[in-house]
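Notes follow once the structure below has been shown.
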Amino acid sequence: MKLLSNKMLLILLVVFSGYGYIIGCTHDNQIPPPAVTTGTKYTPGTGVFLPGNMTAGNTSEWKLDKVHSGVLWSGAYIGAAGLLTGRFNQFGMHNVVDAEMINYNTTGQPLKDTSWAFYEGDDSKTYFNGYVQINTSNTGEPGRDAGCNITTLGTTAIVTGVQNLTLTNIAKIQTTKVTFDPTTGDYIVNLNLCWHGTTATAITKALVGRLKYVKRATIAGAAPYDVFGLQLTFQLVKTDFSITSTSIGDKVDIECNMNFNNK
Amino acid sequence: MDNSFFTYLEQLELMAFFSGYPLLYAVIIAIGKNKQEKRSFKNRLVSLLPLSYAMVGTLFLGLQLKKLYPDYTIENINHSMQQPWLITWGLLSLLFWIPALGKKPVLSLIHSLVFFFFLLRDLFLQSFQSSHDKNVVRNDMKIYSDSLLLNGGVFILIVLFSYLFSRQKNR
């Protein structure tokens, strides 16, 4: 290093690195959102929604309208830019116990979506169970979904005609407590998220989410029927499940939009 | 699929492995070079720099093999690599295992400066663009910090192994 002495090199590298850290660590002031001061107190309704045996034609039994529902995820692209988003193509509302965590040779729902109950006015009786099949994550880019996503999420590729509910391919949620929030009219949901990720065994994390109830409505027609919706949002930390990816940040937002009908 | 996505990821990977080396090199050279005593511990530290760099290159090779697993065909390699020339350049760091090259630490510095350049480029763009976005630099600096830790950690390991090896040899 005749042209550039060692000390000069060290100084230059330290200056450039320091400059980078100063820029990288400088945060713009953010204007905090205004506090909610409406003072409005919401009171819950009295609706009771139960799946029963999901008997077709029984209007007191509510069925998950899977084709019009969705489980969406989003995270900041490379942890810094806008959102990278996707959805899970296969999901359900069943409490999948260990014995049921197997492959199912079907293209429909492998298990009945009956592990839930929603009492508008009695949150102590409300509960939900749900699951997604990890390898059905769909970002709209087949090369990514069937490629790097599979290894990143520690699962196996989709097999046509098979619903894979095995341990490495399933993430489950189970509510532990649902509480009505009178200031917003929503429900605060305490839940456990159980996911294998890339760890040796499944990891369970306690999370808090928010549940919005979309009121029951009647759809007119030759054979009128009723619908209602539930929207659950929560956030998980991907490194809790040993997921290593430079494509999204650590925090991943999940939004479950579940629509039900009584057809 | 947008290839720029994977191109950027590959660049981040390369930065994570190699961009921290120039600073480590400069620090070790600054504290290590002792012209009076050719066989001093400090001079030994300097001579271990290329080996440490080669070790980092080996870890990088391991990551590439893991990514390609289980399909190591030329077709899959071509499909997976967005910047083959840059990856090949990164893999050239393995040459520092060769003793003849290992005796010239400055070559390892020159090799790694290519990856430090990406950091400089982003800093430059951030400084001189009117609608600059700090997030890219912020992300780069996170990767750079990881690279410093990786290179530092590998260097410490190499020094440790070298010490144990020479102790064993002297017995």
Side-chain angles (χ1 to χ4, degrees), chain A residues 1-30 75-86 137-152 154 156-157 198 239 244-250, chain B residues 1-3 5-6 8-13 15-16 19-33 46 63 66-70 76 79-80 105-106 109-110 112-113 116-117 119-120 122-124 126-127 132-148:
Chain A
M1 296 299 290
K2 292 263 167 80
L3 285 173
L4 196 63
S5 75
N6 294 328
K7 279 187 182 163
M8 184 60 81
L9 173 72
L10 179 62
I11 290 166
L12 278 177
L13 287 168
V14 169
V15 167
F16 282 128
S17 307
Y19 178 58
Y21 280 116
I22 288 167
I23 290 174
C25 296
T26 307
H27 293 270
D28 297 327
N29 288 336
Q30 290 185 335
Y77 169 51
I78 57 172
L83 290 181
L84 187 67
T85 64
S137 170
N138 178 1
T139 62
E141 294 288 354
R144 180 160 62 217
D145 298 333
C148 53
N149 260 10
I150 296 295
T151 44
T152 302
T156 52
T198 57
T239 45
T244 310
S245 167
T246 48
S247 57
I248 58 168
D250 207 18
Chain B
M1 188 182 297
D2 185 8
N3 283 338
F5 175 81
F6 287 119
Y8 183 63
L9 284 188
E10 277 186 357
Q11 186 189 302
L12 286 183
E13 270 176 13
M15 282 174 67
S19 67
Y21 182 77
L23 187 58
L24 175 79
Y25 175 92
V27 170
I28 299 296
I29 290 283
I31 63 169
K33 207 93 178 181
V46 176
L63 176 74
K66 182 177 174 277
K67 278 167 63 182
L68 291 169
Y69 178 82
N76 188 40
H79 177 73
S80 306
V106 71
L109 170 71
I110 293 166
S112 65
L113 281 175
F116 190 75
F117 162 77
L119 186 71
L120 290 182
D122 288 341
L123 279 174
F124 179 81
Q126 197 280 328
S127 301
H132 57 259
D133 184 1
K134 283 180 184 169
N135 288 323
V136 172
V137 175
R138 199 169 290 159
N139 204 41
D140 282 356
M141 294 316 293
K142 281 183 197 168
I143 298 287
Y144 181 62
S145 303
D146 292 341
S147 184
L148 283 175

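A note on names: the letters A, B, ... follow the listed sequences, proteins ahead of strands, and every chain is numbered from 1.
- Here the OH atom belonging to Tyr19(A) is positioned 11.5 Å from the CG atom belonging to Leu120(B), to the nearest 0.5 angstrom.
- For Lys67(B), the side chain to side chain donor-acceptor pair (under 3.5 Å) partners at least two apart in sequence or on another chain are Glu13(B).
- Among residues two or more places apart in sequence or in another chain, the ring pair (Phe, Tyr, Trp, His ring centres under 6.0 Å) test is passed with Phe116(B) by Tyr144(B).
- At a 4.5 Å heavy-atom cutoff, the contact between Ser145(B) and chain A is made by backbone and side-chain atoms alike.
- Residues Tyr69(B) and Thr151(A) have side chains that never bring a donor and an acceptor to within less than 3.5 angstrom of each other.
- Of the atoms belonging to Leu119(B), not a single heavy atom falls under 4.5 Å from chain A.
- Contacts between Ser17(A) and chain B at a heavy-atom distance below 4.5 Å involve backbone atoms as well as side-chain atoms.
- A distance of 10.5 Å separates CG in Leu24(B) from CG in Leu13(A), rounded to the nearest 0.5 Å.
- Contact annotation: the side chain of Leu109(B) approaches that of Leu9(A) to within less than 4.5 Å [non-hydrogen atoms, C-beta and beyond].
- One distance of note links CZ of Phe16(A) with CG of Leu23(B); it measures 12.5 Å at 0.5 Å rounding.
- Contact record, Val137(B) with Gly20(A): CG1-O, 3.9 Å, taken as the closest heavy-atom pair.
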